[in-house]
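What follows is a single structure, written as structure tokens, with notes after it.
Letters A, B, ... are given to chains in the order of the sequence lines, protein chains preceding strands, and every chain is numbered from 1.
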Protein chains: 2
Amino acid sequence: MTSPEAGTRGISGQTLATGRTGAKRAGAAGGTLGTAARLRVAIPSVADRVATELRLQLAEGLLLPGARLTESTISEELGVSRNTVREAFAELAAERLVVRHPNRGVFVASLGPGDIHDVYTVRRFIEVSAIRGGGSPERVAAVRAAVEEGRAAAAVDDEEALGSANQHFHGAIVALAESRRLNTIMAQVLAEMRLFFHKATVDAHFYRSYLDDNEEICKALEAGELDRAGELLLAYLDRSEEKQSTVHGD
Amino acid sequence: MTSPEAGTRGISGQTLATGRTGAKRAGAAGGTLGTAARLRVAIPSVADRVATELRLQLAEGLLLPGARLTESTISEELGVSRNTVREAFAELAAERLVVRHPNRGVFVASLGPGDIHDVYTVRRFIEVSAIRGGGSPERVAAVRAAVEEGRAAAAVDDEEALGSANQHFHGAIVALAESRRLNTIMAQVLAEMRLFFHKATVDAHFYRSYLDDNEEICKALEAGELDRAGELLLAYLDRSEEKQSTVHGD
DNA sequence: ATCGAAGGATTGTTGAACAATCCGTAGATT
DNA sequence: AATCTACGGATTGTTCAACAATCCTTCGAT
């Protein structure tokens with residue numbers, strides 16, 4: 001409470017606080033905006049930004065599964081009130097990224113063996129259905145782009161980028177369906193997966209192997225051989241699940 | 001605003017407040033619970049209970065799409081603080097049941113034509129995949145039970161129960177997959193659908209017609225003709241979407 | 001070594017406060 | 001009349017301070 005900038009975990013250093021607090025700033029209501037159309041892009045609330053910040057830290061592996069998130073700590077580090085942090089927690093909990101243990105605190109979600117299988121079940125359902133439905137040329141091109149992105153990452157031996165590219169690939173497959181809800185669901189599932197990716201990185205060997213898988217799946221998609229693409233994808237998911245299960249879980 | 005029990009919307013009348021407020025109750029820390037195993041079922045927080053209450057009112061059609069949810073009103077009606085209501089809102093917003101308009105308030109979500117299509121897209125992906133994967137005899141029995149539930153409702157001309165039974169039927173289909181996440185996703189999607197069911201009830205004629213559809217789908221499932229069950233289900237979903245689109249939508 | 005009480009830390013929840021923003025309305029302008 | 005605009009009330013967004021309940025750790029007693 002003495003010096004605000006003393007963050008112990010790796011926060012940007014800057015505070016997230018707005019200028020709307022309880023007793024600062026002399027009022028100076030200025031320009032009217034005229035009768036223009038309603039603002040289309042609203043600035044997100046502080047709670048949303050806290051949630052986003054945490055989501056980022058989760059994705060980056062700065063916050064590992066099982067880690068405890070103390071309200072007061074985050075509140076101080078980000079320069080926001082505890083209540084606001086709580087609102088952000090409610091968001092993240094709804095996304096399964098954190099877990100609430102009543103009266104004990106919130107913790108970064110950690111996936112057990114059952115969860116890994118569950119996540120892959122969701123992916124099998126959604127991704128395979130999506131690819132079998134095909135998509136517009138633009139969407140297919142996006143899948144192709146993700147394949148190339150992976151290649152490029154492999155060329156410079158960037159593990160991190162390789163993982164991202166793979167996620168983009170699978171995200172692009174779901175995006176074929178042009179469904180806002182499915183995209184959201186997939187984004188959440190991928191976020192969950194990133195969580196345990198950071199616990200133990202799968203060996204580079206395996207990462208390379210699915211570059212070829214992706215290429216083949218993409219080729220089938222481009223050729224309009226949707227059923228075959230679906231089967232290839234399904235086989236990949238099964239293999240991937242097995243790999244992840246043996247690396248993590250018991 | 002004068003008398004607390006004067007709820008204008010149909011709340012239960014009872015308050016949701018706990019006994020943990022700011023300045024009541026003389027401390028009397030009593031019995032120790034021994035070194036028993038950690039409590040397995042924790043009582044949900046007030047925020048969760050507010051969210052549940054609102055979810056219920058949403059499902060019952062007490063709160064129609066587009067309706068505004070004022071923080072202070074709900075806060076008073078339920079006897080909880082505004083901050084707690086806000087936490088509940090964060091939960092519901094993450095579930096898409098309400099929408100936040102920054103600085104304007106939260107409103108009951110209302111699905112436009114695009115949303116209806118989107119919801120059905122999700123259902124087609126998940127339900128069809130689920131039924132094509134089959135399930136344990138118990139799970140199949142649950143599907144059968146939902147069919148009979150619908151029949152019973154039709155026998156006594158209970159529209160409301162008929163709708164519920166149909167939702168149970170489709171929920172049971174997804175449950176075949178034994179996936180916690182898919183069940184949650186499906187539950188959320190069904191909750192979204194309940195939202196606009198209350199806007200305009202589809203004619204009873206149509207409701208009856210899908211009793212037979214369900215029966216046929218269930219029979220195919222029981223017979224292990226999974227592909228056929230999938231096709232029947234898909235056809236049903238397409239028809240249902242078209243029906244809903246013409247009734248609602250533009 | 002085990003048990004249980006004492007203490008400190010943290011969560012859960014409240015109430016009050018206030019800036020910013022929105023919205024309806026009434027008065028001023030063209 | 002049709003606006004534009006300034007004013008004011010209502011509501012949201014956010015903070016702060018307070019405190020009961022609960023959890024966790026430590027420490028002393030049996």
Taking only residues two or more places apart in sequence or in another chain, which ones pass ring pair (Phe, Tyr, Trp, His ring centres under 6.0 Å) with A:Tyr120? none

Atom-pair distance (CD1 on B:Ile43; C1' on D:dA20), nearest Å: 13 Å

Check the distance between D:dT25's C1' and A:Arg68's CZ and give it to me in whole angstrom. 13 Å

Tell me: CD of B:Glu87 to P of D:dT15, nearest whole Å? 14 Å

Among D:dC16, C:dT11, C:dT13, find the nucleotide with the atom closest to the side chain of B:Val46. C:dT13

5' precedence on DNA chain C between A:Val106 and A:Asn83 (nearest-nucleotide basis): A:Val106

Please tell me if B:Arg86 has a side-chain N or O lying less than 4.0 Å from either OP1 or OP2 of D:dG13. yes

With distance as the sole criterion, do the side chain of B:Arg82 and the base of D:dG13 form a donor-acceptor contact below 3.5 Å? yes

Using whole Å, report how far CZ of B:Arg100 lies from P of C:dT21. 17 Å

Which comes earlier along DNA chain D counting from the 5' end, the contact point of A:Pro102 or that of B:His101, where each point is its nearest nucleotide? B:His101

Examine the side chains of B:Arg96 and A:Thr184 and answer whether a donor and an acceptor come within less than 3.5 Å of each other. yes

Which residues pass the ring pair (Phe, Tyr, Trp, His ring centres under 6.0 Å) test with B:His117, not counting sequence neighbours? none

Test item: A:Val108 and A:Leu58 side chains (from C-beta on) under 4.5 Å apart, heavy atoms: yes

In whole angstrom, what separates B:Glu71's CD from C:dC22's C1'? 14 Å

Of the nucleotides D:dC16, D:dC23, D:dT12, which one has an atom closest to the side chain of A:Asn103? D:dC23

Counting heavy atoms from C-beta on, name the nucleotide in C:dT11, D:dT12, D:dT15 closest to the side chain of A:Thr70. C:dT11

Please tell me if B:Ser45 has a side-chain N or O lying less than 4.0 Å from either OP1 or OP2 of C:dT11. no

What is the distance, to the nearest angstrom, from the CG atom on B:Leu69 to the C1' atom on D:dG13? 17 Å

Apply side-chain hydrogen bond (donor to acceptor under 3.5 Å, both in side chains) to the pair B:Glu53 and B:Gln57, showing each step before the final yes or no. CA-CA 6 Å; B:Glu53 172 64 34; B:Gln57 296 194 17; 2.8 Å; yes

Figure out the CG/C1' separation between A:Leu78 and D:dT14, and round it to whole Å. 14 Å

If I take atom CD in residue A:Glu76 and atom C1' in nucleotide D:dT14, what distance separates them, rounded to the nearest angstrom? 17 Å

